[in-house]
Amino acid sequence: MDSRQLLQFLPTMEMICEAFEPKGLDCRFVISDKNLHYRGVRVYHPGQSVQRDLIYLLNRPEADFPVDTCAYASAWDIPGEANHLCCPDLTGEDLLNFLLEFFSQCQQIQYRVDQVVFHNLGVQSLCDLGEELLENPVCIHDDWFIMTAMSQSMETIMAPEYVASSTKGFVPRVIVEDFKQDSDYLETYAFRGAKIWEGTGGAPSSLYVNLWDATVYQGRLLVIQSNRPFRHRDFLLAEVLAQGAVFLLGRKQLGGQRQYQSMDDIVFTLLQGNQPEPSDLNQLLTTLHWSQSDQFLCARLKSQQTPAATILEHVLHSDLFQMFPGSYILFTGHEQCLVVNMTRQPMSASQLRHQLAPLCRDYCLYAGVSSPVSGLRELNLAYYEADVALNRAFHMRSEKWIVFFSECVLTHILNNLPAPLQPEHLISPTLRILRRHDQEKGTQYFETLRVYLLQERNVPRTAQALIIHRTTLLYRLEKIQALIQTDLEDPGQRLYLLLSFWIWGKTEEQSDPQKGL
């Protein structure tokens, strides 16, 4: 297991092929790259852009699909160099449903592991979950072969003499003796991925992953082959479980009498504007490869429907983990809070919107996004801004699913004026002079000044926007200047006037939604 990246249970083509075997179908596979992992399946439509971490369903041969570089599946026999599968025994719809169900199962597995790890349920719970998923006993031992935790059925293969007085169990003698008698065993300490140890002399074969905390060897996760042979998916699953074990063991070694905090607890403490224990904070930064001085933003997502569908929320939680590697996703109170490390994963507002939009569409969500903040100490500010933007999205109830704080900050200021100020108290008296003059004289000075300022005082563009002659515009501006007696060369005055126009429009919309500027 490589501790430098956050490993996810994303299947390879070999794992997908393996899932077809029990079906007894005529399926043909081409696997040119065993190391590629996929996060889902999509139906391909001609002309769309493709991604290498997706498998595309081809309902017919598509001339523009890159069959030599991008994975695909089809009921047709379509030749290509990229990883692909062909299953003529199934219709395109049945093949799609099978793959969707398979990826859903993978997401559910990842979610269950995340629940144990990020809610700090302990290595014992991790082993029990491992046995359920791997259908073989699972244990974790330290560098002295002393059991740190083991699944329930491990007790049936444990020799009685290998239970120490400390009540800690040891790895079964037959396995340890097999290790000791093999001169190649020392080489196994160098491996970072999942490997098979072929047992000899009556010792069962085992799947193992070394537990490395940076450069420190902590022990090993063992899966003992006793119920069924190992499959391709078991290797990746064992690595995901081992990654979780390293984290949980790190939490355990914090020691002391105080109650341990889960990752969710630590992140939520930061979002609330409080500081967690230094050891907790260091563990969080180490696990996520963050720095306190990194730049962050928050996105808060919530279902448009009430009540929300809990199962879909769990699937969404896993999708967010996959789409935003290196970020943290807190799931609480039917709301997903995405904390993006902008230093580790730089992206523009448009890129973030592009990634969130399909999720908001598919899961029927609204999303509120904060502005970037500098450092963990300002994370609570981003959390608050995202909440303001999310509430604005719910208030509008429009086709605008994603609202950024920068888009609604003026509305937020307007709605939170200290008493006794009201929005109309902030409007420049200048605008009232112009509006009164227009009403009495039949002029159009109010609208002329608004467009002139919006066009950044560009005379040709303003004349074009108002559909009037340049000379007419210059005449109006001269009259306006005489009425308002305001220095339009002063940027502060121009900003105040623009803000006043905006407030005027908002107050008219509130009094009569059919009106406004």
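Fair warning: this is a prediction, and the values are worked out from it, not measured in the lab.
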Atom pairs and distances, donor-acceptor, side-chain atoms in residues 369-376, under 3.5 Å, two or more places apart:
| from | atom 1 | to | atom 2 | distance (Å) |
| --- | --- | --- | --- | --- |
| Ser370 | OG | Cys298 | N | 2.9 |
| Ser370 | OG | Cys298 | O | 3.4 |

Any residue meeting side chain to side chain donor-acceptor pair (under 3.5 Å) with Asn416, in chain and number order, not counting sequence neighbours: His412
Ser327 side chain to Gln345 side chain, donor-acceptor N/O pair below 3.5 angstrom: yes
CD (Gln444) with more than 12 external heavy atoms under 6.0 Å: no
Nearest heavy atoms of Cys70 and Leu54, plus distance in Å: SG-O, 4.3 Å
More than 12 heavy atoms from other groups under 6.0 Å of CD on Glu456: no
Set of residues satisfying ring pair (Phe, Tyr, Trp, His ring centres under 6.0 Å) with respect to Phe65, sequence neighbours excluded: Tyr44, Tyr56, Tyr72
pair Ile16-Phe102: side-chain heavy atoms closer than 4.5 Å: yes
Side chain to side chain, Leu477 and Leu488, heavy atoms closer than 4.5 Å: no
Between Asp438 and Thr443, a side-chain donor and acceptor under 3.5 Å: yes
Whether over 12 other heavy atoms sit under 6.0 Å from Gln51 CD: yes
Of all pairs that satisfy salt bridge (charged side-chain N to carboxylate O under 4.0 Å, His left out), the ones with a partner from residues 365-389, not counting sequence neighbours: Arg300-Asp387
Residues, nucleotides or ligands: over 12 heavy atoms within 6.0 Å of Glu93 CD: no
Can you give the donor-acceptor pairs under 3.5 Å from side chains of residues 353-361 to other protein atoms, not counting sequence neighbours?
| from | atom 1 | to | atom 2 | distance (Å) |
| --- | --- | --- | --- | --- |
| Arg353 | NH1 | Ile402 | O | 3.2 |
| Arg353 | NH2 | Glu407 | OE2 | 2.8 |
| Gln355 | NE2 | Met323 | O | 3.4 |

Shortest non-hydrogen separation from Glu447 to Arg450 and the atoms involved: OE2-NH2, 2.9 Å
Residues Glu489, Arg494; criterion salt bridge (charged side-chain N to carboxylate O under 4.0 Å, His left out); working and verdict: CA-CA 8 Å; Glu489 295 297 325; Arg494 295 199 303 272; 5.1 Å; no
Shortest non-hydrogen separation from Arg432 to Glu424 and the atoms involved: NH2-O, 2.8 Å
Leu365 to Gln304 - nearest heavy-atom pair and separation: O-NE2, 2.9 Å
Arg461 side-chain N/O to Gln455 backbone N/O, donor-acceptor pair under 3.5 Å: yes
NE2 (His425) with more than 12 external heavy atoms under 6.0 Å: yes
Pair Asn97, Glu101: side-chain N/O donor-acceptor within cut-off below 3.5 Å: no
Test item: side-chain donor near acceptor, Asn83 and Tyr38, under 3.5 Å: yes
Nearest-0.5 Å distance, CE of residue Met342 to CD of residue Gln295: 6.0 Å
Separation between NE2 of His37 and CG of Asp33, rounded to the nearest 0.5 Å: 9.0 Å
Stepwise ring-ring contact (aromatic ring centres under 6.0 Å, His included) test for Tyr328 and Phe118: CA-CA 11 Å; Tyr328 194 84; Phe118 292 123; 5.8 Å; yes
Closest contact, heavy atoms only, Asn341 versus Arg344: OD1-N, 2.9 Å
Heavy-atom neighbours of Tyr475 OH exceed 12 at 6.0 Å: no
Minimum heavy-atom distance between Trp502 and Thr411, given as atom pair plus value: CH2-N, 3.4 Å
Distance flag, aromatic centroids of Trp504 and Phe446, threshold under 6.0 Å: yes
Validation row, ring centre His437 to ring centre Tyr445 under 6.0 Å: yes
Contact check, side chains of Leu473 and Val459, non-hydrogen atoms, under 4.5 Å: yes
Partners passing side chain to side chain donor-acceptor pair (under 3.5 Å) against Asp94 (at least two apart in sequence or in another chain): Thr91
Option among Val339, Thr343, Val340 that satisfies the side-chain contact (heavy atoms from CB on, under 4.5 Å) test with Phe296: Val339
More than 12 heavy atoms of other groups within 6.0 Å of Arg60 CZ: no
